[in-house]
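Letters go in sequence order (proteins before strands), and every chain restarts at 1.
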Number of protein chains: 2
Amino acid sequence: MLYEQMLRFTTRNSGRMAKAKKSGVSPRKMPAQDRSRATVELILDAAARILVKGGYNAFTTNRVAERAGVSVGSLYQYFPNKESLLGELMRRHVAELERGLAAITADAAKRPIADTVRALIEESVRAHLIDPELHRVLSEEVPHLGSLDWRHAYEARCTQRVREFLEARRSELSVTDLDLAIYLVTRTVETAVHDAVGHRAEDLRSGALAEELSRMITVYLTGKAPAVRRPLKVAAE
Amino acid sequence: MLYEQMLRFTTRNSGRMAKAKKSGVSPRKMPAQDRSRATVELILDAAARILVKGGYNAFTTNRVAERAGVSVGSLYQYFPNKESLLGELMRRHVAELERGLAAITADAAKRPIADTVRALIEESVRAHLIDPELHRVLSEEVPHLGSLDWRHAYEARCTQRVREFLEARRSELSVTDLDLAIYLVTRTVETAVHDAVGHRAEDLRSGALAEELSRMITVYLTGKAPAVRRPLKVAAE
DNA sequence: GTATAACATGAGCAATAGCTCGTATTAGTG
DNA sequence: CACTAATACGAGCTATTGCTCATGTTATAC
């Protein structure tokens, strides 16, 4: 399980989210028995299903508890507040993304830049096709969670990986401002793939979008068109 | 003024936004005297300021009215519901974007593709630098307004303009799927510029980001690097 | 001046949300 | 079985929000 931190203090605070938000984004209490671990999963599943079905509007703690078949009380035993529920959901999603990314950059040294770029993009596509609707709601309908430093941390780690990869190949690149290029590239891929989930699902699934994106990014970085052009799919394979 | 449509029926509906949303997104009543026109501006200004300062969280009708120095009643005389306030704010923002775009695509025929691409991108940058914080809140913090067909209409119009421009130059392009290319290009520019407002404001203002983006898009579309390379700024000028 | 329409006010209703806490149930241990 | 800790329950408190409506004020027409 993923509960890194736990047990934030509970500011006695009644009424609906007052001035200062509750406080944690991580689970309040580590479930110890199997029973409660199952409950936590039940709750998270219900939360995801509600978000997908009704959007952030429908996402109320009472509703989540009901759908999960548990009481609100149980929900609040493991999640200090509504936000923490979203937090855990996001953490899981993001972890998936990061795993794939790490695997690819790990052995990028032995392959041409174009291949790595393509692999990264295809990995991003793959990750975005897992429960895409949840992903969409999570990142564009959910009000921006205050002080979610882990999010920035995640983005920083991703950027860092890409940076290491590109710096190692600096001589092969034709961009002047590497820093800016990294920013542009990572953002473009992330946002384009993300946006495509909602607007170009077919092209995402068919791989056409990844193909075009790869071409765009590779040419931008290296200054020359990637080898393959006419035959849309690589010969090998 | 911009009030295209007006005076939607008022479903007697008490309490906080029930199941079926109120109904309109456009002003309820056309202000007729100068006095009320001023009130409307006051309200919109207050709304914008509140959104910028406190985000969507702080955006409540009571607060807006208070900040505007008018009563809630007055607010609801011109805006049928909270959503319509956001609607008008967005409409104004978007109108600005569209004006610039139209002007550029209008006389794109006589200029090289690279120039038009660049002009479009720079225009986008310019538009995003007007009250950037409001722009940000509006498009990423505001819950997605239901049935905001004008938004899709706007995006469609923009895409259409770009399509006409690119189709006229079809022979100069090296992309295979023009439709996909248009999608990719418009989204990339929009999202990259948008994202940069929050994360790369300096590069936006300096023009560096527009420079890089232009290069990336142009090369992608035409298949060959734009004329200028070493000298970062165009010689002429 | 008077009548009428446009405009402005703000106390307060109805609904709903997040969250608590006293109590009941179950699991684990001896 | 007895005892404790973990888990589960859910009625309901409190704050807050979107919005209305009865009433007052100002402008315009005659």
Side-chain angles (χ1 to χ4, degrees), chain A residues 6-24 27-43 47 50 54 56-66 68-86 143, chain B residues 6-24 27-43 47 50 54 56-66 68-86 143:
Chain A
M6 57 165 108
L7 199 45
R8 304 280 178 126
F9 57 94
T10 311
T11 48
R12 281 300 156 94
N13 179 355
S14 55
R16 199 208 216 180
M17 172 160 38
K19 220 101 251 188
K21 329 213 116 172
K22 231 19 172 327
S23 71
R28 151 183 297 180
K29 183 167 160 192
M30 196 75 143
Q33 309 179 354
D34 279 0
R35 181 163 53 131
S36 54
R37 268 188 289 271
T39 301
V40 168
E41 294 311 305
L42 239 40
I43 292 171
I50 285 179
Y56 186 71
N57 250 337
F59 185 69
T60 73
T61 51
N62 286 301
R63 201 124 50 195
V64 169
E66 188 191 16
V70 304
S71 72
V72 243
S74 293
L75 190 156
Y76 279 95
Q77 203 143 71
Y78 303 102
F79 299 91
N81 52 44
K82 185 174 161 171
E83 225 177 296
S84 66
L85 246 174
L86 290 170
Chain B
M6 56 163 109
L7 198 45
R8 303 279 177 128
F9 57 93
T10 312
T11 48
R12 281 302 157 90
N13 180 356
S14 56
R16 198 205 217 183
M17 173 159 41
K19 220 100 247 194
K21 332 214 114 169
K22 228 26 170 325
S23 71
R28 153 182 293 182
K29 185 165 158 190
M30 196 77 144
Q33 308 178 356
D34 279 358
R35 179 164 50 130
S36 55
R37 267 187 290 268
T39 300
V40 168
E41 293 312 304
L42 239 42
I43 292 171
I50 285 178
Y56 186 70
N57 251 338
F59 185 70
T60 72
T61 51
N62 285 302
R63 201 122 53 193
V64 169
E66 188 191 18
V70 304
S71 70
V72 241
S74 292
L75 189 156
Y76 279 95
Q77 202 142 76
Y78 303 102
F79 299 92
N81 51 46
K82 188 174 161 168
E83 224 177 297
S84 68
L85 245 175
L86 291 169

Student: I want to check one thing: is the phosphate of dA6(D), taken as OP1 and OP2, less than 4.0 Å away from some side-chain N or O of S36(A)?
Tutor: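 It does not, given that no N or O in the side chain of S36(A) lies less than 4.0 Å from OP1 or OP2 of dA6(D).
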
Student: For T60(A) and dT16(C), is the shortest distance between a side-chain N/O and OP1 or OP2 below 4.0 Å?
Tutor: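 No, outside the criterion.
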
Student: Rounded at 0.5 Å granularity, tell me how far CD in E41(A) sits from OH in Y78(A).
Tutor: 12.0 Å

Student: So what is the end-to-end bend of the helix from dG1(C)-dC30(D) to dG30(C)-dC1(D), with 5 pairs used at each end and the value given to 10 degrees?
Tutor: 10°

Student: Got a second to check how far N57(B)'s CG is from I50(B)'s CD1, nearest 0.5 Å?
Tutor: 12.5 Å

Student: Phosphate oxygens OP1/OP2 of dT20(D): is one of them under 4.0 Å from a side-chain N or O of Y76(B)?
Tutor: no

Student: Taking only N and O in the side chain of T61(B), is any of them less than 4.0 Å away from OP1 or OP2 of dC19(D)?
Tutor: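 Looking at the OP1 and OP2 atoms of dC19(D), neither is under 4.0 Å from any side-chain N or O of T61(B).
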
Student: Please state how far atom CG in N57(B) lies from atom P in dG18(D), giving the value in whole angstrom units.
Tutor: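 Those two atoms, CG and P, are 11 Å apart.
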
Student: With a 4.0 Å limit, can you tell me whether R63(B) has a side-chain N or O closer than that to the phosphate oxygens OP1/OP2 of dG18(D)?
Tutor: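 False: R63(B) side-chain N/O out of range (4.0 Å or more) of dG18(D) OP1/OP2.
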
Student: Can you give me the N/O atom pairs linking the protein to nucleotides 10-12 of chain C at distances under 3.5 Å, or say none if there are none?
Tutor:
residue: dG10(C); atom: O6; partner: G73(B); partner atom: N; Å: 3.4

Student: Roughly how many Å is it from CG in L85(A) to P in dA17(C), rounded to a whole number?
Tutor: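 Going from L85(A) (CG) to dA17(C) (P), I get 15 Å.
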
Student: Quickly work out the Q77(B) CD to dA5(C) C1' distance and round it to whole Å.
Tutor: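 Those two atoms, CD and C1', are 12 Å apart.
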
Student: E66(B) CD to dA8(C) P: how many Å, rounded?
Tutor: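 Taking atom P of dA8(C) as the reference, CD of E66(B) is at 18 Å.
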
Student: From CG of L86(B) over to P of dT17(D), roughly how many Å is that when rounded to an integer?
Tutor: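 My rounded result for the distance is 15 Å.
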
Student: For A68(B) and I43(B), work out which heavy atoms get closest and say how close.
Tutor: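 Looking at all heavy atoms of both residues, the shortest contact is CB-CA, 3.9 Å.
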
Student: Heavy-atom nearest nucleotide on DNA chain D for R35(B) versus Y56(B): which residue maps closer to 5'?
Tutor: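 On the 5' side of the pair lies Y56(B).
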
Student: Out of curiosity, L75(B) CG to R63(B) CZ, how far, rounded to the nearest 0.5 Å?
Tutor: 13.5 Å

Student: Measuring only between side-chain heavy atoms, which start at C-beta, is L85(B) closer than 4.5 Å to F59(B)?
Tutor: yes

Student: Hey, which sits more toward the 5' end of DNA chain C by its nearest nucleotide, Q33(A) or G69(B)?
Tutor: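 Its nearest nucleotide being more 5', the pick is G69(B).
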
Student: Apply side-chain contact (heavy atoms from CB on, under 4.5 Å) to E66(A) and list each qualifying residue two or more places apart in sequence or on a separate chain.
Tutor: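 side-chain contact (heavy atoms from CB on, under 4.5 Å) list for E66(A), sorted by chain: empty.
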
Student: To the nearest 0.5 Å, what is the distance between OG1 on T61(B) and CD on E83(B)?
Tutor: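 It is 13.0 Å, given to the nearest 0.5 Å.
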
Student: Might you point out which heavy atoms bring A65(A) and V72(A) nearest each other, and give the distance in Å?
Tutor: CB-N, 3.6 Å

Student: Measure the NZ-OH distance between K82(A) and Y76(A) for me, rounded to the nearest 0.5 Å.
Tutor: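 It comes to 8.0 Å.
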
Student: Return the value, rounded to whole Å, for the distance between atom CG of L75(B) and atom P of dT17(D).
Tutor: 14 Å

Student: Distance check needed: dA8(C) C1' versus F79(B) CZ, whole Å only.
Tutor: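 In whole Å, dA8(C) C1' and F79(B) CZ are 15 Å from each other.
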
